[in-house]
Amino acid sequence: MNKDKSDLLQNKRVSLKPYIYEKPSISAVSLRILVLLSLQIIVLFFTKSYNAIIVISCSAIGSLLASLIHFFLTRKNKFLSLTNLIHGILIGMLLPQNYPPFTALLVSFGTLIIFKYVFESSENFWINIVSVSVLIAYFIGKVYFPEFLITPDLFSVKNPSVQLINNGVFPVYDFDITLTNFLNSNILNNFKVTLPQGILSMLWDTNSVIPAFRFNLLTIIASLVLFSDNSFSMLIPSIFLFVYLFLIRLFFPYVSGGEFNQGDVLLALLTSGTLFTAVFLIQWFGTHPMTIIGKIIYAVIAGLYAFITVGCGTSPIGMIYVIIICNIINLLIRLIEEKRMDYLMHKMTRISPIDKELLNAGN
């Protein structure tokens, strides 16, 4: 008898705890996401961003209405979940605070109700419903979305974020000067790195008209919560950010006539909703590959497309295009994954008579 086969039979054990939960359930993750998003809404309240809260509330109401109507028409209560509320909140957070609230409600309601009928067999669509809704809202009310804050004359500049801060595009808060001087003098000086004044203010609040782009520090804290217990995998977000920022650092000023390896990584990271996208959107349930190789390819493509679409940052809608394009590419990746899985399953079924006797003996 083959040693490996013998060991396989000898090592069979009966456990009192046969089920091992390596990851939290979708409901538990959804509740966690809802709490983390609520923290950002609370901060919006304290910063007196009442218009943003109204838009988010209307979008959430539209999403819940779609769920209720779908339930009354189909009597399928599986769609009445936290996921729908989260969809609505995410849509609202990605819309400008001056966006018409009733239009936000209609977009959220209309898109979600249509998707529920198209993808009736699943609550998690293959394409990110939030991104589709925001894109529709963009085409309906493009005038409400801000333009690129970085102008073409800043493309070849070494640190365009400093120029934007000096021009008053991004606010500088009182704590920034003291904390920046402390970090530069006591910590960063040892690494021969200098942190420009205003960057810490951008980390706290960019004061963008799009709420999801504002509180980068809260988004970082959210990532620590979601990634700490495998609620979400770090693989896709980390590779996506690395590829995108690597390309920005090396090539963005260079392709515009500037110097090589002088791209503004901080501007790319702290604007355009880059962190928000990496944490909450890029690997939403059902919209990404399942295998390790597939996830890596998916993340690399996302980073490449972000470099092309978003550039060095301040894009109002670029990351939404990134998510939608990657979701479409994911269909091809998933098809390849399924073909490979079918091949492996077919190969595993072709076992020898000896193997069958061993398996029968083990049972």
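Excluded from the calculations below are hydrogen atoms, water molecules and symmetry mates; all remaining heavy atoms, backbone and side chain alike, are included. Counting begins at 1 with the first residue of the sequence.
Centroid-to-centroid, the aromatic rings of Phe251 and Phe260 come within less than 6.0 Å. A centroid separation of 6.0 Å or more is found between the aromatic rings of Trp126 and His288.
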Open item on the list: One pair to check against side-chain contact (heavy atoms from CB on, under 4.5 Å): Thr287 and Ile127. What are the steps and the verdict?
Closed with: CA-CA 6 Å; Thr287 64; Ile127 192 167; 5.8 Å; no

Does Met202 form a side-chain contact (heavy atoms from CB on, under 4.5 Å) with Asn216? I'd like the steps, not just the answer.
CA-CA 8 Å; Met202 291 177 61; Asn216 288 294; 5.5 Å; no

Checking Leu269 against Ile248 for the side-chain contact (heavy atoms from CB on, under 4.5 Å) test, could you report, in this order, the C-alpha distance in whole Å, the side-chain angles of both residues, the deciding distance, and whether it holds? CA-CA 10 Å; Leu269 185 65; Ile248 290 295; over 6 Å; no

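Under the 4.5 Å side-chain heavy-atom criterion for ILVMFWY residues, no single connected hydrophobic cluster contains both Val35 and Leu226. Cluster membership check: Phe285 does not share its hydrophobic cluster with Met290, using side-chain heavy-atom separations under 4.5 Å among Ile, Leu, Val, Met, Phe, Trp and Tyr. A continuous path of Ile, Leu, Val, Met, Phe, Trp and Tyr side chains, each step under 4.5 Å between heavy atoms, connects Ile320 with Phe139, placing both in one hydrophobic cluster.
Taking 4.5 Å as the limit, some side-chain heavy atom of Tyr244 sits within range of a side-chain heavy atom of Val310. At a threshold of 4.5 Å between non-hydrogen side-chain atoms, the residues Pro253 and Lys158 do not count as touching. With contacts defined as side-chain heavy-atom distances shorter than 4.5 Å, the pair Leu217/Asp205 does not qualify. Within the 4.5 Å cutoff, no side-chain heavy atoms of Phe307 are placed close to those of Phe246. At least one side-chain heavy atom of Leu44 sits under 4.5 Å from a side-chain heavy atom of Ile56. Using a 4.5 Å heavy-atom threshold, the side chains of Ile150 and Cys312 count as touching. In this structure the side chain of Met93 never reaches within 4.5 angstrom of the side chain of Ser59, judged on heavy atoms. Looking at heavy atoms from C-beta onward, Asn184 lies out of side-chain contact with Asn189 at the 4.5 angstrom threshold.
The backbone N or O of Ile323 lies less than 3.5 Å from no partner atom in the side chain of Ser131, so there is not a single donor-acceptor pair. Thr111 places no side-chain N or O within donor-acceptor distance of the main-chain N or O of Ser108, the cut-off being under 3.5 Å. Here the side chain of Tyr99 pairs a donor or acceptor atom with the backbone of Ala137 at under 3.5 angstrom.
The closest side-chain donor-acceptor pair between Asn327 and Tyr298 falls under 3.5 angstrom. No hydrogens or angles considered: nothing links the side chains of Ser161 and Asn159 as a donor-acceptor pair under 3.5 Å. Asn84 and Ser63 share no side-chain donor-acceptor pair at under 3.5 Å. Counting only N and O atoms by type, the side chains of Thr206 and Ser208 include no donor and acceptor under 3.5 Å apart. In this structure, a donor-acceptor pair under 3.5 Å is present between the side chains of Asp176 and Thr180. Between Thr219 and Gln40, the side chains place a donor N or O and an acceptor N or O closer than 3.5 Å (distance only, hydrogens not considered).
The environment of Leu31 atom CG is dense: over 12 non-hydrogen atoms of other residues, nucleotides or ligands sit within 6.0 angstrom.
For the ring-ring contact (aromatic ring centres under 6.0 Å, His included) criterion with Phe155, the lone passing option out of Tyr254, Phe148, Phe252 is Phe252.
Residue Ile41 holds its CD1 atom at 12.5 Å from CZ of Phe45, rounded to the nearest 0.5 Å. Put simply, CD1 on Ile129 and CD1 on Ile114 are 8.5 Å apart, with the number rounded to the nearest 0.5 Å.
The aromatic rings of Phe280 and Phe276 sit tilted relative to each other, their planes meeting at an angle between 30° and 60°.
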